[in-house]
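Since we're looking at a predicted model, the values are computed, not measured. We count ligands from 1, going down the list as the structure has it; atoms in each ligand are counted the same way.
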Amino acid sequence: MNGDILQDSLTLLNDWLNMSKIIYIDEVEIKNKTVLLRVDFDVSLNPNRTIADDIRIQKNLPTIKYLLKNNNKLICVAKLDRPKTRDPKLSLMPVVKRLREYLPDYKIILIADFLSSDKQVFEKQTNKEILVLENIRFYPKEKDFSTIFAKRLASLGDIYVNDAFAVCHRSDTSVIGPPKFIPSYGGLLLKKELAIISQAINKPKKPIVAIIGGNKVSTKIGLINKLIKIVDYLIIGGGLANAFVNAQGHDVGTSFCQYEAVQQARRLLSLSKKGRAFLVLPVDAVVANTKEDKNSEIVKIENIPSNKSIFDIGPETKAQIGGIIAKAKTIIWNGPVGYFENPEFKQGTDFVYYSIAQNTDAVSIVGGGDTLAAISKKEYLDKITHISTGGGAMLEFIEKGTLPGIEALKK
Ligand code: 3PG
């Protein structure tokens, strides 16, 4: 091959590699543009509809401020919860009010319906105004992908930026649609989430420990399959563990248990015995009659009373997993290990949290809506390397290495 042909081939290869990469907003000049910004404002609300926890808004602020600094106008697109149609209880108004506190120099305007609102609001937007489209899930076409709806969204901006890692596992119109029509980039939070999670999975400092809780085995089976090949210890807790405990031959009483997943749990147990990850299951449990019950007792896992349910891990399990977490160099945690909503059963989840926070030598990644709800008001949050805004997105990204929202941004 002569030099020119080699050079051409290298250029082609380089172009191809660049084509399949996300370009992030700090890698190009974005100035004086109207930016359609997909953010994650999916905050948890109190029953009176005030914001209970705004960590997701806070995590999008660096991208918002970065874009504003360069004289761009922002049109934010976000969803809140899972409305099927317009539901005033799930308006983004509380989010708009919180944004006004974080960005006092800007006028933040909620656009009730961007499809029917006066075009002048968009045409006359100044760079001191931020427009927030009302909950995008109010539009059925958000979930039911629509090219026309994607075009309408895209027509609002010169460019599109996705900073909503938590919804990147969804093929929702606002997540995968606009990149088909306007130049599109990744935001700073998306960049951070992907970099930290990829590093932890692809080049982990060992030993690597994953703690997976929550309830449903069926939604986490793919993830567990993947994790068992890459981690050294896989700690399983929460309702999820009950299928494994049952697969070990123990009765789980009246506990929540996905019996249809027991066969798969048995297969994973045997994989773990073949030298894959060491699977760590509860050896004792806190049991009670109901989740509201205040009279709990601690029993060995092989002695769960037939009329009681498991609601938390027991002290022997805590001692065992505490030792494993203390030695870890990389820790991934998703899902509470007990019914943390009742203080009687939150000690296991608290224990996992404090054990992770105490191991400051390790790279620690914590994610998942329930996990964040269980820890969000706690001290030592700054001792966690990365608190992921993604629940399902984090798990699916670990499992598959990519997500629809990421693919949509690739050039
Ligand atoms: C999440 O909370 O994990 C994301 O916001 C995704 O929400 P969804 O399950 O309603 O798509």
Side-chain angles (χ1 to χ4, degrees), residues 37-46 51-61 63 76-87 89-92 94-95 98 132-146 149-150 153 161-178 186-187 189-190 192-194 196-197 212-216 218-220 222-223 238 240 332-336 340-341 365-376 386-400 402-409:
L37 176 60
R38 183 59 169 92
V39 273
D40 179 23
F41 289 161
D42 204 357
V43 293
S44 48
L45 295 175
N46 294 312
I51 296 178
D53 182 279
D54 73 354
I55 186 165
R56 284 179 157 175
I57 300 180
Q58 290 180 39
K59 294 260 184 181
N60 275 137
L61 285 176
T63 289
C76 297
V77 183
K79 69 112 173 164
L80 178 60
D81 210 332
R82 291 174 173 166
K84 296 261 177 296
T85 179
R86 204 160 277 271
D87 175 357
K89 287 197 289 301
L90 293 175
S91 165
L92 278 176
V95 169
R98 185 58 54 91
V132 178
L133 305 191
E134 184 54 286
N135 192 342
I136 200 71
R137 291 250 178 117
F138 283 0
Y139 301 87
K141 293 290 178 207
E142 168 66 353
K143 286 303 293 171
D144 181 12
F145 182 86
S146 152
F149 190 57
L153 276 171
V161 172
N162 186 348
D163 206 30
F165 173 67
V167 284
C168 278
H169 59 317
R170 304 290 184 217
S171 295
D172 295 355
T173 304
S174 71
V175 178
I176 63 164
L189 174 65
L190 186 72
K192 190 171 171 197
E193 293 267 16
L194 300 190
I196 295 182
I197 302 172
I212 304 297
N215 268 342
K216 287 199 172 164
S218 48
T219 56
K220 295 194 174 167
L223 170 84
L240 185 67
I332 297 164
W333 178 29
N334 183 296
F340 72 94
E341 291 89 340
I365 301 174
V366 175
D370 280 355
T371 328
L372 297 191
I375 68 167
S376 67
H386 181 62
I387 297 183
S388 175
T389 49
M394 172 177 148
L395 299 182
E396 205 171 310
F397 181 64
I398 293 174
E399 184 187 335
K400 300 182 178 154
T402 189
L403 299 171
I406 297 172
E407 289 306 303
L409 287 181

Please report which non-hydrogen protein atom sits nearest to [atom], along with the residue it belongs to and the distance in Å to one decimal place.
| atom | value |
| --- | --- |
| atom 6 (C) of ligand 1 | Ala166 O, 3.7 Å |
| atom 5 (O) of ligand 1 | Asp42 OD2, 3.1 Å |
| atom 9 (O) of ligand 1 | Arg82 NH2, 2.5 Å |
| atom 11 (O) of ligand 1 | Arg170 NE, 2.6 Å |
| atom 8 (P) of ligand 1 | Lys79 NZ, 3.4 Å |
| atom 3 (O) of ligand 1 | Arg56 NH2, 3.9 Å |

Checklist entry - Could a heavy atom of Glu396 be found less than 4.0 Å from some atom of ligand 1? => result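 No, Glu396 has no heavy atom closer than 4.0 Å to ligand 1.
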
Checklist entry - Within the side chain of Lys220, is there an N or O that forms a donor-acceptor pair under 3.5 Å with the backbone of Asn215? => result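 Looks like no, no N/O pair under 3.5 Å.
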
Next on the checklist: Taking the basic N atoms (NZ, or NE/NH1/NH2) and the acidic carboxylate oxygens, is any pair closer than 4.0 Å for Asp172 and Arg137?
Outcome noted: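 Yes, charged N to carboxylate O under 4.0 Å.
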
Checklist entry - Between Asp42 and Lys79, is there a salt bridge with N-O shorter than 4.0 Å? => result yes

Checklist entry - Can you list the residues that meet the salt bridge (Lys or Arg N to Asp or Glu O under 4.0 Å) rule with Glu396, with sequence neighbours excluded? => result Lys400

Checklist entry - Which residues pass the salt bridge (Lys or Arg N to Asp or Glu O under 4.0 Å) test with Glu407, sequence neighbours left out? => result Lys410

Checklist entry - So, Ser174 and Arg38: side-chain donor and acceptor under 3.5 Å apart, yes or no? => result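 Short answer, yes.
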
Item to check | Numbering as shown, the atoms of ligand 1 that approach Arg137 to under 4.0 Å (heavy-atom distance) | outcome: 8 (P), 10 (O), 11 (O)

